[in-house]
2 protein chains.
Amino acid sequence: MKATPVRLKVLEVLSATHLALSPSELEASFSKVDRITLYRTLKDFEEAGMIHKIIDTDGVTRFAFCNDDCPDATHTEDHVHFNCKKCHKMFCLAHVQTPSLQLPDGFSSTGINTVVHGVCKHCA
Amino acid sequence: MKATPVRLKVLEVLSATHLALSPSELEASFSKVDRITLYRTLKDFEEAGMIHKIIDTDGVTRFAFCNDDCPDATHTEDHVHFNCKKCHKMFCLAHVQTPSLQLPDGFSSTGINTVVHGVCKHCA
DNA sequence: ATAATAAACGCAACATTGTTGCATTTGAAT
DNA sequence: ATTCAAATGCAACAATGTTGCGTTTATTAT
Ligand SMILES: [Mn+2]
Ligand SMILES: [Mn+2]
Ligand SMILES: [Zn+2]
Ligand SMILES: [Zn+2]
């Protein structure tokens, strides 16, 4: 993977926050970047396990940086995400682990996505 | 709310399954129904608390029937949903309650969305 | 049964999100 | 400096969802 300006910018923004950002938000944060290139960059980073995708309560796709202790395979599902109903931001709660649960007979789980909906620290 | 053919059809299909269906799946299941009317029907039903919306692992919006003991306000978040990675169906696990969890200071929850990803009973 | 009316419908038109093909540019290795 | 695969940017497209508006229909009152 080559170190290009677009990739460096995306990494810089995502690594500096605990928020999960949408492609449109990222596109707005730095002008001059082509929409299609951004989508491809995000897909490449995701496949490389550097960021993870998470869909918020409104169905908006968002991406967040994976910290070092993030297990490659299921990085999305190891921690809880929080979606604020006021500011609409999506927080990675890296220290809140996904709770386990009991499934009906015959169903087997490979990951759990937990999105909490409510009011965040800053909007309280 | 008037009893119209479109509404009756949608209710009939949704009330006969425990699956959460997408607008496209519903549209396919009965031809002759206008796409826009279907969207409006689903929105009306949702606002009336008759069905609930849930977004699957792939970001696809889906709707499922609310059973009688479904509390009006947070009907989406009271039970767990299961998304099969093989058949891509989304099951309402009406009898598996959403687990509670401990949020960081300052964050308050009004609902939790839990989507389990894995292999379903029929694809096992 | 008929008429009145508010609600629901269906169409066109549009916005947003995401993908693919292809010609051009560029990062990095030789 | 040369080379070449990888990355970019543009056009074109598909899927999903929304809004405005004129027409039709289900229900209510006559
Ligand atoms: Mn996260
Ligand atoms: Mn459900
Ligand atoms: Zn907030
Ligand atoms: Zn299945």
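Quick caveat: nothing in here was measured; it's all calculated off a predicted structure. These values consider heavy atoms only, across backbone and side chains, with no hydrogens, waters or symmetry-generated copies. In what follows, chains carry the letters A, B, and so on, assigned in the order in which the sequence lines appear, proteins first and then strands, with residues in each chain numbered from 1.
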Next on the checklist: Using whole Å, what does the distance between atom P of nucleotide D:dT8 and atom NZ of A:K43 come to?
Outcome noted: 14 Å
Checklist entry - What about A:L19 and B:L103, same hydrophobic cluster or not, with Ile/Leu/Val/Met/Phe/Trp/Tyr joined at side-chain heavy-atom distances under 4.5 Å? => result yes
Checklist entry - Starting at CG of A:D34 and ending at P of D:dG9, how long is that distance when rounded to a whole Å? => result 5 Å
Checklist entry - What class does the angle between the rings of B:F91 and B:H122 fall in, given that below 30° is parallel, 30 to 60° is tilted and above 60° is perpendicular? => result parallel
Item to check | Single-linkage hydrophobic cluster A:F82~A:L21, side-chain heavy atoms < 4.5 angstrom | outcome: yes
Checklist entry - When you measure from the side chain of A:R35, which nucleotide among D:dT19, C:dG10, C:dT17 comes out closest? => result C:dT17
Checklist entry - Has B:R40 got a side-chain N or O lying under 4.0 Å from the OP1 or OP2 atom of C:dC9? => result no
Checklist entry - If you check the B:T37 side chain, which of D:dT8, C:dC9, C:dG18 turns out closest? => result C:dC9
Checklist entry - Can you tell me how far C1' of D:dA15 sits from CG of B:L38, to the nearest Å? => result 15 Å
Item to check | Donor-acceptor pair, side chain of A:S15 and main chain of A:E12, under 3.5 angstrom | outcome: yes
Checklist entry - In whole angstroms, how far is the P atom of D:dT16 from the CG atom of B:D58? => result 12 Å
Checklist entry - CD1 of A:I36 versus C1' of C:dT25: gap in Å, rounded? => result 16 Å
Item to check | Spacing between A:F63 atom CZ and C:dG18 atom C1', to the nearest angstrom | outcome: 10 Å
Checklist entry - Below 4.0 angstrom from OP1 or OP2 of C:dA8, is there any side-chain N or O of B:T41? => result no
Item to check | A:Y39 side chain, from C-beta outward: closest of C:dA8, C:dG27, C:dG18 | outcome: C:dG18
Checklist outcome for this item: 5'-most contact on DNA chain D (nearest-nucleotide basis), B:T61 vs B:A3, goes to B:T61
Next on the checklist: I'd like to know if the side chain of B:R7 and the backbone of B:K2 have a donor-acceptor N/O pair within less than 3.5 Å.
Outcome noted: yes
Item to check | Separation of atom CG in B:L26 from atom P in D:dT16, rounded to whole Å | outcome: 12 Å
Next on the checklist: Using whole Å, what does the distance between atom P of nucleotide C:dC9 and atom CE of B:M1 come to?
Outcome noted: 10 Å
Checklist entry - Between D:dT27, C:dC9, D:dC10, which nucleotide gets closest to the side-chain atoms of B:V6? => result C:dC9
Checklist entry - A:T4 side chain N/O closer than 4.0 Å to the phosphate oxygens (OP1, OP2) of C:dG27? => result no
Checklist entry - Has A:S24 got a side-chain N or O lying under 4.0 Å from the OP1 or OP2 atom of C:dT17? => result yes
Next on the checklist: Regarding C:dA7, can its base be found pairing with the side chain of B:K2 as donor and acceptor, where the two atoms are less than 3.5 Å apart?
Outcome noted: yes
